[in-house]
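A quick write-up on the structure given underneath.
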Amino acid sequence: MRKKVKLEYYVLNFDFNGRKIINYNVLSNWEDAIRKMKKKSNSYEEFKELLMREFKYRYWGKAEYEIIATGLTFREEYAAKIDVWSQIEPNFNIVADYIKNTMKLEWK
């Protein structure tokens, strides 16, 4: 039996029930999905492509994963919509390496 791995990568998200911005773990309960992606991929590069597609599918441009950011002196024209994917994207390679190393994934 495999040892359960706890994966963590946090982004900002709005909790509609609590009505506040929270740190949201985008990798919570992803272990099975990641293992399936690993089986489908023949290389680390293929795995990263599948992982990117899954992140985009789950988190890109969906209202429940979007927040509006602006400065303290709010001006609507300077407000920016930020979704979960836009917080993952600049660090995607780091997140993929973290998953590979933490779960000890290897390709031949």
Side-chain angles (χ1 to χ4, degrees):
M1 185 168 187
R2 276 185 228 127
K3 184 180 176 183
K4 193 78 172 158
V5 176
K6 183 175 182 182
L7 297 171
E8 297 178 297
Y9 184 76
Y10 292 91
V11 298
L12 295 178
N13 196 34
F14 187 74
D15 175 2
F16 288 94
N17 294 323
R19 299 194 183 275
K20 62 183 178 180
I21 293 178
I22 60 167
N23 289 316
Y24 177 72
N25 183 5
V26 296
L27 295 176
S28 179
N29 301 313
W30 270 58
E31 186 177 357
D32 291 338
I34 289 169
R35 292 202 188 282
K36 287 177 186 174
M37 285 183 254
K38 163 65 171 90
K39 285 182 183 180
K40 288 181 181 179
S41 58
N42 294 316
S43 68
Y44 180 50
E45 292 305 315
E46 285 181 22
F47 171 78
K48 285 179 21 177
E49 184 62 36
L50 292 173
L51 183 63
M52 183 180 292
R53 285 185 201 162
E54 190 64 24
F55 274 137
K56 286 181 176 180
Y57 174 76
R58 291 188 188 196
Y59 299 124
W60 190 17
K62 294 187 177 179
E64 65 268 29
Y65 296 114
E66 294 176 331
I67 58 176
I68 300 292
T70 187
L72 289 176
T73 56
F74 178 78
R75 290 184 60 180
E76 191 171 334
E77 63 267 23
Y78 299 128
K81 180 186 79 161
I82 300 173
D83 59 24
V84 167
W85 168 245
S86 70
Q87 295 175 74
I88 297 169
E89 186 177 25
N91 300 301
F92 176 74
N93 287 325
I94 295 167
V95 174
D97 287 344
Y98 164 73
I99 291 169
K100 180 183 84 165
N101 295 332
T102 302
M103 293 185 68
K104 298 177 175 43
L105 303 177
E106 295 179 1
W107 288 262
K108 292 182 181 183

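Everything numeric in this text was worked out from a predicted model, so none of it was measured.
- Residues Asn91 and Tyr9 form a side-chain contact, since some pair of their non-hydrogen atoms from C-beta on lies under 4.5 Å apart.
- Using a 4.5 Å heavy-atom cutoff, the side chains of Phe55 and Glu89 are not in contact.
- Once rounded to the nearest 0.5 Å, the distance linking OH of Tyr10 with CD1 of Ile22 reads 10.0 Å.
- With a 6.0 Å radius and a threshold of 12 heavy atoms from other residues, nucleotides or ligands, Asp15 has its CG atom above the threshold.
- With a 4.5 Å cut-off on side-chain heavy atoms, Arg53 and Glu49 count as touching.
- Phe47 does not carry Lys100 over the face of its six-membered ring by the limits of under 6.0 Å from the centre and within 45° of the normal.
- Results of the side-chain contact (heavy atoms from CB on, under 4.5 Å) test with Leu7 over Val95, Asn25, Leu27 single out Leu27 as the only residue that passes.
- Contact between Ala96 and Lys48 at its shortest, heavy atoms only, is CB-CG, 3.8 Å.
- To the nearest 0.5 Å, the span separating CZ on Phe14 from CZ on Arg19 amounts to 6.5 Å.
- Comment: Lys62 does not engage Glu64 in a salt bridge, judged by the lack of any side-chain N to carboxylate O separation of less than 4.0 angstrom.
- Looking at Asp83, its side chain never comes within 3.5 Å of a backbone N or O of Tyr65 through a donor-acceptor pair.
- Atom CD1 of Ile34 and atom NZ of Lys39 lie 14.0 Å apart (nearest 0.5 Å).
- Summarising the local packing, CZ of Phe16 is surrounded by more than 12 heavy atoms from other residues, nucleotides or ligands at distances under 6.0 Å.
- The closest donor-acceptor contact from the side chain of Ser41 to the backbone of Lys38 lies under 3.5 Å.
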